[in-house]
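Worksheet: one structure, shown below.
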Amino acid sequence: MKNNWKKLLTMTSFLALVTFVLIACGSENDASEEVAWEDQTINVATPGSGPPYSLIDDEGNWTGTEAEIWAEIVERTGWNIDVQRVSGNAIFGQLDTGRSDVAANNYALTEERAQNYIYTEPVYADANTVATKGWNDEINTLDDLAGKTVGVMAGQAADIPLTQLEEEIGFELVRYEGTGDAFQQLEIDNLDAVAGPRSLLNEYIERRDVDFKILEENLSATPIVYFLPDTEEHAQLRDELNVVIEEMIADGTMGEITEKWLYTDMTKNLEDVETEQE
């Protein structure tokens, strides 16, 4: 009888030990879901191909809106980031394979991207608008485009509202491979007007000193966000990024950066956009 009792005690102790180990392992797994991003290197992918958003020169110097925004993020968080120069077409592939944690290059929030990636709160909103020659007093509003020829980059955010307005207002829409191609066609008087992001129009006017006038009326306001892989760990990083972004908008830092590089405070457009995500 004593031996049976001893065996029962031994078995009970063994089961208790197993239970303790399982609970401990479960606790470790729960803890592992939380990533201390301040102890990690955050890989930020950007084309780095040109101003005003992101330019990385041959010596590795990073300039543009993204460079200054991320410098401020690092200053406020103490994070260690590795800036990866990746060609534009490959950046989202970097997120897919986990080689990059964040995609940064004035990326607009689109339905397709929202289906495949998680994203931050908007850092600002880039207005899509129309420009014409400065001497052209016939075009001052969108309705004045009737009977005119308007250029746009195929697939660019401005292409969508223009396609809807083309038949309604009655103008000819001409699509180009790049935004710069369309701008050049207006410059040499092959078009009556062009459409594109206000930021790029401002930069083009400043850089080339051309006589363009930008209409006050916008086609749309596109939220600019950072995209991340759709994982629990990156959702945590997204949430931490949101805190910093909101602070930078609230204290005016984001507005100052966009005004420096994009010639206007792009945060003023944020009230016109909606970016809810689950």
Side-chain angles (χ1 to χ4, degrees), residues 44-50 52-54 64-66 69-70 84 86-130 142 150-166 173 175-183 194-203 218-231 234-235 237-239 241-242 245-246 249 254 258 261-262 266-278:
V44 180
T46 187
S49 54
Y53 310 128
S54 180
T65 54
E66 295 297 358
I69 290 171
W70 278 93
Q84 302 171 318
V86 183
S87 64
N89 294 332
I91 281 187
F92 287 94
Q94 290 280 116
L95 298 185
D96 294 335
T97 58
R99 290 194 293 268
S100 298
D101 300 303
V102 183
N105 191 52
N106 194 68
Y107 284 122
L109 178 60
T110 64
E111 184 176 350
E112 180 181 359
R113 290 170 180 169
Q115 290 175 349
N116 295 303
Y117 308 97
I118 59 175
Y119 51 91
T120 64
E121 294 293 324
V123 292
Y124 55 88
D126 199 350
N128 291 289
T129 189
V130 172
L142 293 178
V150 184
V152 69
M153 173 182 170
Q156 196 267 334
D159 191 357
I160 299 173
L162 279 178
T163 300
Q164 298 171 343
L165 291 172
E166 182 179 13
L173 187 58
R175 294 177 175 86
Y176 295 88
E177 291 186 1
T179 303
D181 298 330
F183 294 174
V194 292
R198 187 177 289 271
S199 60
L200 287 185
L201 281 165
N202 284 334
E203 193 273 338
N218 291 328
L219 290 164
S220 62
T222 304
I224 303 302
V225 301
Y226 293 122
F227 290 98
L228 302 86
D230 189 2
T231 69
H234 287 94
L237 177 59
R238 184 265 322 271
D239 293 343
L241 266 172
N242 282 341
I245 290 169
E246 290 171 3
I249 292 172
M254 196 72 74
T258 58
W261 290 95
L262 309 178
M266 294 290 183
T267 64
K268 292 181 179 179
N269 298 321
L270 287 173
E271 60 186 28
D272 297 327
V273 302
E274 296 181 3
T275 60
E276 292 183 3
Q277 64 179 316
E278 296 181 357

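These figures come from a predicted structure and were not determined experimentally.
Judged by distance alone, the side chain of E66 and the main-chain N or O of N106 form a donor-acceptor pair under 3.5 Å. Checking side-chain atoms of T46 against main-chain N and O of A104 turns up a donor-acceptor pair under 3.5 Å.
Residues meeting the side chain to side chain contact (heavy atoms under 4.5 Å, CB included) test with S87, sequence neighbours left out: A90. Taking N218 as the reference, R198 meet the side chain to side chain donor-acceptor pair (under 3.5 Å) condition, with sequence neighbours excluded. Partners of R99 under the salt bridge (Lys or Arg N to Asp or Glu O under 4.0 Å) rule, at least two apart in sequence or in another chain, do not exist in this structure. Scored by the ring pair (Phe, Tyr, Trp, His ring centres under 6.0 Å) test, F92 finds Y107, Y117, F227 as partners (sequence neighbours excluded). Shown here are the ring pair (Phe, Tyr, Trp, His ring centres under 6.0 Å) partners of Y53, two or more places apart in sequence or in another chain: there are none.
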Which pairs would a plain distance check flag for residues 150-158, meaning a side-chain donor or acceptor within less than 3.5 Å of a matching protein atom at least two apart in sequence or in another chain?
residue: Q156; atom: OE1; partner: A158; partner atom: N; Å: 2.8
residue: Q156; atom: NE2; partner: N128; partner atom: OD1; Å: 3.0

Open item on the list: Does T222 form a side-chain contact (heavy atoms from CB on, under 4.5 Å) with L109? I'd like the steps, not just the answer.
Closed with: CA-CA 7 Å; T222 304; L109 178 60; 5.8 Å; no
- [ ] Verify side-chain contact (heavy atoms from CB on, under 4.5 Å) between E246 and L241, making sure each step is shown before the conclusion.
- [x] CA-CA 9 Å; E246 290 171 3; L241 266 172; over 6 Å; no
- [ ] List the steps and the verdict of side-chain contact (heavy atoms from CB on, under 4.5 Å) for Y124 and I69.
- [x] CA-CA 11 Å; Y124 55 88; I69 290 171; 4.3 Å; yes
Task: side-chain contact (heavy atoms from CB on, under 4.5 Å) assessment of V194 paired with V130 - done: CA-CA 6 Å; V194 292; V130 172; over 6 Å; no
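Looking at L162 and E166, their side chains never come closer than 4.5 Å, going by heavy atoms from C-beta outward. The closest side-chain heavy-atom distance from L262 to T65 is below 4.5 Å.
Annotation for P229 and L95: closest pair CG-O, 3.6 Å, computed over non-hydrogen atoms. Between A125 and L270 the shortest heavy-atom distance is N-CD2, 3.7 Å. Annotation for R113 and A108: closest pair NH1-O, 2.7 Å, computed over non-hydrogen atoms. When every heavy atom of E121 is checked against every heavy atom of I245, the shortest pair comes out as O-CD1, 4.0 Å. Between L219 and A195, the shortest heavy-atom contact is CD1-CB, 4.0 Å. Of all heavy-atom pairs between A45 and V86, the closest is CB-CG2, 4.1 Å.
Going from atom OG1 of T110 over to atom CG of N116 covers 9.0 Å, rounded to the nearest 0.5 Å. Interatomic distance, N202 CG to M266 CE, rounded to the nearest 0.5 Å: 6.0 Å. Rounding to the nearest 0.5 Å places OG1 of T179 at 8.5 Å from CG of L201. Note that the NE2 atom of H234 and the CG atom of D101 stand 3.5 Å from one another [nearest 0.5 Å]. Distance CE/M254 to CD1/I224: 11.5 Å, rounded to 0.5 Å.
Applying the side chain to side chain contact (heavy atoms under 4.5 Å, CB included) test between Y226 and each of T120, N105, V44, L237 identifies T120 as the sole match.
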